[in-house]
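Source: prediction; values computed, not measured. A note on names: the letters A, B, ... follow the listed sequences, proteins ahead of strands, and every chain is numbered from 1.
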Number of protein chains: 2
Amino acid sequence: MGPLDGYLPYLLNRAGARIATAFSEEVRPLGATLQTWRVLAALHERDGRRMGDLSETTSIEVSTLTRLVDGMEKKALVARRRDAADARAVTLHATPAGRRLTQRLLPIAERYEAVSLRGFEAREAEALKVALRRLYANMDALEKPRRQRG
Amino acid sequence: MGPLDGYLPYLLNRAGARIATAFSEEVRPLGATLQTWRVLAALHERDGRRMGDLSETTSIEVSTLTRLVDGMEKKALVARRRDAADARAVTLHATPAGRRLTQRLLPIAERYEAVSLRGFEAREAEALKVALRRLYANMDALEKPRRQRG
DNA sequence: TCAATTTATTTGTAAATGCAAATAATTACA
DNA sequence: TGTAATTATTTGCATTTACAAATAAATTGA
């Protein structure tokens, strides 16, 4: 076990990449990709999100997301609407076809959760999730300090 | 906190992506990218690795790695050598310039480790790393079963 | 109120990515 | 020993990605 095995970002990337690659292969026959799943999952959690919100939630860069959504719109999985409250913003909505695809992807996603956590006690799994949320939050410290608003 | 916050692959990707993005920005002024760092770190751990080994270690797909290494070779950070023992294989070696860049990146990487784990007890951090190694290993179960050799 | 600034999204463009096919060398075994 | 199968890497090519600039709308404050 070399130094890399003790380096957290390495372990994080490695585990994430492996799950991502396997999941991608698995959903390809359904005409889906990992990125479309991320968008659909975010809309399943809350439909009508803005592009910027989706970008933050899915960790997909906004300009990439724009073109990804273009493709999903062409496939009629989602629909863009101009936000009524703020005409700069666009909200994204799952269509019936999008929801059907989501329903097919959900059990696959659940299986990945189960397989990856195989052998974990419930409290170990929960501790891991708590730790991952802390990691994420800790990165605030390095974020480009944005001008305070308000 | 919606369903996504309880979904492990989501938490994993989100934390990994955030660290990756911040690290990328930070090393850009040094003429480095996250991917070149991954290659250099793998060679720092063990020089003279094969392309396939590097691909597995860095989670960079082999054909992508080939072209990444092309670029690093042009920048004289690494050098390819035909493996003496097996002429199909290519081994990669850090050059003096590559090692100098590695030395400049190491403290940044250490800082990312420290910042991301801020507030973690030593044993919590270790438990997290153990868990991430288990996750990775658990994915064996879903791997395309390759024909047994031997 | 209106000009300047900020915010949300899209577009331009070059680089990175990944699958599949091609190339090259080794190994297995008839 | 020589031919088929396997393994390691690279190349072809279409897609994805991300930075920067452009566009469009809202907000701020003189």
Side-chain angles (χ1 to χ4, degrees), chain A residues 13 17-18 20-29 31-39 48-75 78 80-92 144 146-150, chain B residues 13 17-18 20-29 31-39 48-75 78 80-92 144 146-150:
Chain A
N13 175 255
R18 193 168 188 194
T21 302
F23 187 86
S24 295
E25 275 185 40
E26 181 138 355
V27 302
R28 188 146 44 131
T33 68
L34 176 56
Q35 302 295 60
T36 65
W37 156 246
R38 285 184 176 142
V39 170
R49 286 178 191 258
R50 292 174 169 200
M51 295 297 285
D53 177 1
L54 271 174
S55 170
E56 183 141 321
T57 303
T58 60
S59 304
I60 299 170
E61 202 271 338
V62 273
S63 74
T64 302
L65 185 66
T66 285
R67 282 174 266 234
L68 172 63
V69 165
D70 289 347
M72 294 178 72
E73 239 184 339
K74 279 204 195 97
K75 285 185 168 184
V78 294
R80 280 183 170 95
R81 270 189 233 152
R82 191 53 68 172
D83 190 321
D86 182 343
R88 289 171 301 181
V90 165
T91 58
L92 200 66
K144 257 191 194 68
R146 299 179 190 158
R147 216 164 286 85
Q148 195 108 357
R149 61 194 144 128
Chain B
N13 175 256
R18 194 168 188 192
T21 303
F23 187 86
S24 295
E25 275 185 39
E26 180 138 354
V27 301
R28 189 144 45 131
T33 67
L34 176 56
Q35 302 296 61
T36 65
W37 155 246
R38 285 184 175 142
V39 170
R49 285 178 192 259
R50 293 173 169 203
M51 297 296 287
D53 176 2
L54 271 174
S55 170
E56 184 141 319
T57 303
T58 59
S59 304
I60 299 170
E61 202 272 338
V62 274
S63 72
T64 302
L65 184 65
T66 284
R67 282 173 267 234
L68 174 62
V69 165
D70 289 347
M72 293 178 73
E73 238 184 341
K74 278 205 197 97
K75 285 184 166 183
V78 294
R80 278 182 171 98
R81 270 189 234 153
R82 190 53 68 173
D83 191 319
D86 184 342
R88 287 171 302 182
V90 166
T91 58
L92 200 66
K144 257 190 197 67
R146 299 179 192 160
R147 216 164 285 87
Q148 194 108 357
R149 67 194 137 128

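In this structure, B:D86 places its CG atom 12 Å from C1' of D:dT6, rounding to the nearest Å. Atom NZ of A:K74 is separated from atom P of D:dT15 by 11 Å (rounded to the nearest Å). Put simply, CG on A:D70 is 13 Å from P on D:dT17, counting in whole angstrom units. What separates CZ of B:R50 from P of D:dT7 is a distance of 12 Å, to the nearest Å. Atom CZ in B:R49 sits roughly 15 Å away from atom P in D:dA8 (whole-Å rounding). Atom CZ in B:R38 sits roughly 14 Å away from atom P in C:dA16 (whole-Å rounding). Per the geometry, CZ belonging to B:R82 stands 9 Å off C1' belonging to C:dA25, to the nearest Å. Going from atom CG of A:L68 over to atom C1' of D:dT17 covers 11 Å, rounded to whole Å.
Listed by chain and residue number, A:N13, A:R14, A:A17 satisfy the side-chain contact (heavy atoms from CB on, under 4.5 Å) test with B:S59 (two or more places apart in sequence, or in another chain). With sequence neighbours excluded, the residues satisfying side-chain contact (heavy atoms from CB on, under 4.5 Å) with A:S63 are A:E61, A:R67. Here A:R80 pairs with A:D70, A:E73 under the side-chain hydrogen bond (donor to acceptor under 3.5 Å, both in side chains) rule; sequence neighbours left out. Under the side-chain hydrogen bond (donor to acceptor under 3.5 Å, both in side chains) criterion, A:E26 pairs with A:R111, A:Y112, not counting sequence neighbours. Legend: residues meeting side-chain hydrogen bond (donor to acceptor under 3.5 Å, both in side chains) with A:T91, ordered by chain and number and at least two apart, are A:H93. Listed by chain and number, the residues in a side-chain hydrogen bond (donor to acceptor under 3.5 Å, both in side chains) with B:R50 are B:D83 (sequence neighbours excluded). Residues passing the side-chain contact (heavy atoms from CB on, under 4.5 Å) test with A:T33 are A:Q35, A:T36, sequence neighbours excluded.
Residues A:L65 and A:V39 have side chains in contact (heavy-atom distance under 4.5 Å, counting atoms from C-beta outward).
Nearest approach of A:S24 to A:L34, heavy atoms of both residues: OG-CB, 3.5 Å.
If B:I60 and A:D53 are placed on DNA chain C by their nearest nucleotide, the residue sitting closer to the 5' end is A:D53.
Of the side-chain N and O atoms in A:Q35, none sit less than 4.0 angstrom from OP1 or OP2 of D:dT15. OP1 or OP2 of C:dT10 sits under 4.0 Å from a side-chain N or O of A:R80.
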Distances under 3.5 Å between nitrogen or oxygen atoms of protein and nucleotides 19-24 of chain C:
{"residue": "C:dC19", "atom": "N4", "partner": "B:S63", "partner atom": "OG", "Å": "2.7"}

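Inter-axis angle, ends of the helix from C:dT1-D:dA30 to C:dA30-D:dT1, five pairs per end, rounded to 10 degrees: 20°.
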